[in-house]
Protein chains: 2
Amino acid sequence: MMNPSPVSVHSLLVVEDDAQIRDFLQLSLRAAGYVPLLARTLAEALQLWQDKQPAMLILDLGLPDGDGLSLIQTLRARSDRPILVLSARQSEQDKVQCLNQGADDYLAKPFGVDELLARIRVALRRMERMQLRDQRYLVEALQIDLADGLVRLHGETLHLSPLEYKLLMQLAQHAGRVMTHRQLLQAVWGAEYVDDTHYLRIHMGRLRAKIERDPAAPRYLITELGIGYRLAAS
Amino acid sequence: MMNPSPVSVHSLLVVEDDAQIRDFLQLSLRAAGYVPLLARTLAEALQLWQDKQPAMLILDLGLPDGDGLSLIQTLRARSDRPILVLSARQSEQDKVQCLNQGADDYLAKPFGVDELLARIRVALRRMERMQLRDQRYLVEALQIDLADGLVRLHGETLHLSPLEYKLLMQLAQHAGRVMTHRQLLQAVWGAEYVDDTHYLRIHMGRLRAKIERDPAAPRYLITELGIGYRLAAS
DNA sequence: GGCCGGTATATCAAGCGCATAAACGCGCGC
DNA sequence: GCGCGCGTTTATGCGCTTGATATACCGGCC
């Protein structure tokens with residue numbers, strides 16, 4: 001009945017500043033067959049995420065060096081992998097905000113280990129159905145490294161604003177496939193903006209100005225009329 | 001500014017025996033732009049699920065005519081669509097059991113509407129990504145990737161208008177079987193247009209012009225005289 | 001052969017989605 | 001405090017998509 005042994009061993013990134021809870025989580029996760037990666041700060045977390053590419057993120061809000069929300073946005077801009085938020089804050093507004101920004105689940109303290117493990121299982125089993133995409137995108141003169149977040153055109157790295165960066169990464173992750181306006185707006189701006197297709201047009205224009213040789217006849221950033229945009233695949 | 005019309009209107013199956021809560025959920029969901037389908041019993045729920053094929057299930061545990069868990073198992077066996085459980089039971093064991101059996105989320109009463117809506121959004125946006133994955137239609141030189149949103153003819157991707165695209169997708173999803181005029185009009189234009197077979201002819205002609213080598217002797221888009229159209233299957 | 005219901009193509013005007021330009025406001029660093 | 005980069009807002013023009021109207025087609029039937 002119970003089949004606790006995962007086919008592949010998942011590594012989970014745990015971001016938690018309280019040493020006691022961190023140890024507790026580490027032990028619990030290890031006992032359940034996972035490989036926990038531990039981070040105390042947002043910077044550390046970002047480093048580990050890029051470095052080890054764990055299967056999912058377990059994030060405690062209220063870190064010392066910044067807002068957890070920004071980490072959610074940053075990671076969600078680069079990856080589809082599950083994000084589970086732990087928090088002492090019970091307020092509904094906190095929950096809604098996290099979920100809107102891209103978190104997959106929100107668990108309020110105090111919580112039981114079993115529920116945490118169950119929710120991790122839910123996230124991972126859903127994840128298994130979704131294939132990971134290639135870590136690098138390369139078409140003609142455009143080269144995008146998703147891991148270290150670099151964009152090169154004719155070999156030269158070019159400078160993108162944070163927003164342009166998020167937008168391009170989102171498209172690169174689903175290269176070759178159409179992303180709807182709603183999906184892009186949700187991923188880059190958040191769920192509250194899913195109807196403001198306007199932002200999208202403006203910033204797509206700016207992206208094209210930087211990437212395309214002839215922005216009026218784009219080779220990479222293709223418009224799908226009435227639907228969304230697509231980053232051309234080879 | 002606000003454009004409340006979602007591209008696709010999601011119908012949600014709500015299973016709840018308490019009349020008061022049911023009304024409350026119905027109003028809240030409708031206000032949020034969804035189409036709630038209401039069921040009081042498990043039998044009713046199963047019927048509606050098969051009949052209307054809603055986008056997700058919102059299930060209140062503790063129904064009169066049986067265990068909610070069995071409904072979760074039954075539906076999970078046939079479908080990947082999200083299941084969100086509402087329950088007055090706070091015990092961790094209940095939660096773990098539901099999540100293990102296939103539920104995607106578990107929300108304990110009392111809960112706030114905003115959190116419920118946020119969690120519904122999370123579930124639906126994840127489903128949107130998975131829904132069309134791997135679906136592909138391929139006959140002779142015509143290749144339709146529903147996941148990528150691409151249509152290829154002899155390997156070359158070709159450009160379709162939004163309407164043509166919808167029409168073709170509709171046919172591709174029922175490839176090999178006849179779709180009546182009414183069905184197509186209903187699906188592409190909406191229920192108000194079920195009698196305007198005229199639109200259908202015009203746009204079917206345009207589709208043929210793009211897809212068929214000899215539009216006068218179609219190989220893919222077959223006319224079923226007096227009934228509707230059919231996309232030829234292999 | 002001519003009529004007729006159902007069907008296919010042609011042409012064109014209107015509307016809407018899209019792209020671009022430019023101005024505004026805000027935060028951040030020199 | 002001042003300029004600069006960036007995100008947002010507003011305004012404008014263009015091109016594609018769409019649906020209306022009109023015309024041609026094709027089989028069956030009397």
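In what follows, every heavy atom counts, from backbone to side chain, and hydrogens, waters and symmetry copies are set aside. Convention: sequence-line order gives letters A, B, ...; per-chain numbering from 1.
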Peer 1: May I ask you to say what B:T197 touches in the nucleic acid, namely base, sugar-phosphate or nothing, with a heavy-atom cut-off under 4.0 Å?
Peer 2: nothing
Peer 1: Taking only N and O in the side chain of B:W189, is any of them less than 4.0 Å away from OP1 or OP2 of D:dG19?
Peer 2: yes
Peer 1: Side-chain contact test, heavy atoms from C-beta onward, threshold under 4.5 Å: evaluate it for B:Y229 versus B:L221 and give yes or no.
Peer 2: no
Peer 1: Specify the separation, in whole Å, of atom CZ of B:R206 and atom C1' of D:dA20.
Peer 2: 11 Å
Peer 1: Tell me whether the OP1 or OP2 atom of C:dA8 has a side-chain N or O from B:R208 closer than 4.0 Å.
Peer 2: yes
Peer 1: In whole Å, what is the span from the CD1 atom of A:I222 to the P atom of C:dA19?
Peer 2: 11 Å
Peer 1: Tell me: OH of B:Y193 to P of D:dT18, nearest whole Å?
Peer 2: 13 Å
Peer 1: State plainly whether the residues B:R119 and A:D105 are in salt-bridge range, i.e. N to O under 4.0 Å.
Peer 2: yes
Peer 1: Check whether the side chains of A:T223 and A:R201 place a donor and an acceptor atom closer than 3.5 Å, and report yes or no.
Peer 2: no
Peer 1: In whole angstroms, how far is the C1' atom of D:dC16 from the CD atom of B:E164?
Peer 2: 11 Å
Peer 1: Under 4.0 Å, counting only non-hydrogen atoms across every strand here, what does A:Y229 touch: a base, just sugar-phosphate, or nothing?
Peer 2: sugar-phosphate
Peer 1: Between A:R152 and A:E156, does at least one N-O distance fall below 4.0 Å, as a salt bridge requires?
Peer 2: no
Peer 1: Where the side chain of A:P162 is defined as all heavy atoms beyond and including C-beta, which of D:dC6, C:dA19, C:dG6 is the nearest nucleotide?
Peer 2: D:dC6
Peer 1: Please state whether the phosphate of D:dA20, meaning OP1 or OP2, lies under 4.0 angstrom from any side-chain nitrogen or oxygen of B:H203.
Peer 2: no
Peer 1: Within this structure, what is the CG-to-C1' distance between A:D214 and C:dA19, rounded to whole angstrom?
Peer 2: 13 Å
Peer 1: Below 3.5 Å, does any donor atom in the side chain of A:H198 face an acceptor in the base of D:dT10, or the other way round?
Peer 2: yes
Peer 1: Would you mind telling me which of D:dA20, D:dT17, C:dG6 lies closest to the side-chain atoms of B:R201?
Peer 2: C:dG6
Peer 1: Taking the minimum atom-to-atom distance to the side chain of B:I202, which one of C:dA10, D:dT18, C:dA8 wins?
Peer 2: C:dA10
Peer 1: How many whole angstroms separate atom CG of B:L225 from atom C1' of C:dC4?
Peer 2: 14 Å
Peer 1: Using whole Å, report how far CG of A:L167 lies from C1' of D:dG7.
Peer 2: 13 Å
Peer 1: Can you tell me how far P of C:dT9 sits from CG of B:L221, to the nearest Å?
Peer 2: 11 Å
Peer 1: Check the pair B:L168, B:I144 against side-chain contact (heavy atoms from CB on, under 4.5 Å), reporting the backbone distance first and the verdict last.
Peer 2: CA-CA 9 Å; B:L168 186 56; B:I144 302 175; 3.8 Å; yes
